[in-house]
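A, B, ... follow the sequence lines: proteins, then strands. Residue 1 opens every chain. For clarity, every value in this text was computed on a predicted model and none was experimentally measured.
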Number of protein chains: 2
Amino acid sequence: MTAPIQDFAVEQLRKHGYKLTQARWAVILTLAESPSPLAINDLYQQARAHAPDLGLVTVYRTLEILDSLKLVRPVHLMEDYHGYALATPGHTHHVVCQRCKSVVEIEGCDISPFLDRVREETGFHITGHWLELEGICPNCRTKDSGRAEPA
Amino acid sequence: MTAPIQDFAVEQLRKHGYKLTQARWAVILTLAESPSPLAINDLYQQARAHAPDLGLVTVYRTLEILDSLKLVRPVHLMEDYHGYALATPGHTHHVVCQRCKSVVEIEGCDISPFLDRVREETGFHITGHWLELEGICPNCRTKDSGRAEPA
DNA sequence: ACTCTAAATGAAAAACTTTTTCATTTAGAT
DNA sequence: ATCTAAATGAAAAAGTTTTTCATTTAGAGT
Ligand SMILES: [Mn+2]
Ligand SMILES: [Mn+2]
Ligand SMILES: [Zn+2]
Ligand SMILES: [Zn+2]
């Protein structure tokens, strides 16, 4: 069994000399518990369940730190949906369910044939990419059992 | 020789019953002329060269229409860079130069081996993706000849 | 070319989001 | 238990986006 993702985030936070405060724990836990990426305001609302007098500013500040440590990643989709999801460090991607917005992290990727083609056609030296996948999760697919709204 | 991209945008605009106004033309031309994706405010500033009393609201409204017609596409990169680039319709991607921010549109893509793997591992039915590439353009690569700032 | 009218515009205000400032609180080292 | 730098929340400021509305304009009809 793998350690829960929130433990890793907490460990990294400490390792970089940040204090583990109530507010930060509430934000991390909320992200870890969320099946789907959260927009800042939703994250704020939900995190207040864990830390009732949390301030919105602190959510911004915490996200900034988590982002700088690569513990969280912004998720953009074609629609206006735009949120943050906890992520393990290194190169990963996310698939988001169109219907229920649940998100799954994908480790690694191989799109080199495509990258090679781009390199040839454009002459660009490719240094990085950003890839988001959209689909229907198994749950939503089997029947109408998926939630219509992100949890 | 292929028709300039702004002509296509204008044609589509008309085809959908929108008027071709000075303001819209200024916005489209500015996007077409720009070597790099433009954030709303930059687009506004630059477009005023073509239509001096253009209002910022109109830029928002025009972008909304262009977006609904898929004539423009938002470009997100890992950095905070975030702008709009004119795009031909259909499935395309963009490579943006890290250094000078110039953008090139890529038609088509084949990342199916990766998509197959994701399908197997997650059980998601993949319906779409969003992919941005980042790199160094030939110009910036050859020497220090590239501009440091987006033009 | 002139007229007409629905569509589009820009200015201003309102609504919303993000950042800054600062007095108070807290984590965690000693 | 004490201490202190780091972190917090409230409030204000700055920035962004949307709404409203009186005026202008594109372009169809004549
Ligand atoms: Mn990848
Ligand atoms: Mn593609
Ligand atoms: Zn689902
Ligand atoms: Zn370049």
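For B:Y84 and D:dT16, the OH to P distance is 14 Å, given to the nearest whole Å. As rounded to whole Å, 13 Å separates atom P of C:dA27 from atom CG of A:L13. Residue A:L56 contributes atom CG, which lies 14 Å from atom P of D:dA11 at whole-angstrom precision. If you take CG of B:D53 and C1' of C:dA11, they are 12 Å apart, rounded to a whole angstrom. Counting to the nearest Å, the C1' atom of D:dA26 and the CD1 atom of B:I65 are 14 Å from each other. Distance CZ (B:R24) to C1' (C:dG10): 14 Å, rounded to an integer number of Å. For the pair B:L66 CG and C:dA8 P, the interatomic distance rounds to 13 Å; values are reported in whole Å.
Nearest to the side chain of A:K19, among D:dT25, C:dT9, C:dA27, sits C:dA27. In this structure, of D:dA10, C:dA12, C:dT9, it is C:dA12 that holds the atom nearest to the side chain of B:V57. Listed candidates were C:dG10, D:dA7, D:dA10. Nearest to the side chain of A:Y18 is D:dA7.
Phosphate contact (OP1/OP2 of C:dA27, side-chain N/O of A:R14, threshold under 4.0 Å): absent. Here B:T21 reaches the OP1 or OP2 of C:dT9: one of its side-chain N or O atoms lies under 4.0 Å away. For the pair B:Q22 and D:dA26, the criterion of a side-chain N or O lying under 4.0 Å from OP1 or OP2 is met. Regarding contacts with the backbone of D:dT19, every side-chain N or O of B:R61 stays at 4.0 angstrom or more from both OP1 and OP2.
At least one side-chain heavy atom of A:R14 sits under 4.5 Å from a side-chain heavy atom of A:L20. Under the 4.5 Å side-chain criterion, counting only non-hydrogen atoms from C-beta, A:V96 is not in contact with A:E134.
When the nearest nucleotides of DNA chain D are assigned to B:L20 and A:T62 by heavy-atom distance, the more 5′-ward of the two goes with A:T62. Nearest-nucleotide positions on DNA chain D place A:G17 closer to the 5' end than the other of A:G17 and A:Y44.
Of all nucleotides present, only C:dT9 satisfies the Watson-Crick or G-U wobble test against D:dA22, with each distance under 3.5 Å. Base pairing analysis places D:dA13 opposite C:dT18; the two distances defining the Watson-Crick or G-U wobble pair are each below 3.5 Å.
Legend: residues meeting side-chain contact (heavy atoms from CB on, under 4.5 Å) with B:K70, ordered by chain and number and at least two apart, are absent.
For B:R48 and B:Y44, the side-chain atoms include at least one donor-acceptor pair closer than 3.5 Å.
Nucleic acid contact for B:N41: none, since no nucleic acid atom lies under 4.0 Å from a heavy atom of the residue. Counting non-hydrogen atoms under 4.0 angstrom, B:L54 reaches the backbone sugars and phosphates but no base. Contact annotation for A:I40: no contact, since no heavy-atom pair falls under 4.0 Å across all strands.
Cluster membership check: B:F124 does not share its hydrophobic cluster with A:I136, using side-chain heavy-atom separations under 4.5 Å among Ile, Leu, Val, Met, Phe, Trp and Tyr.
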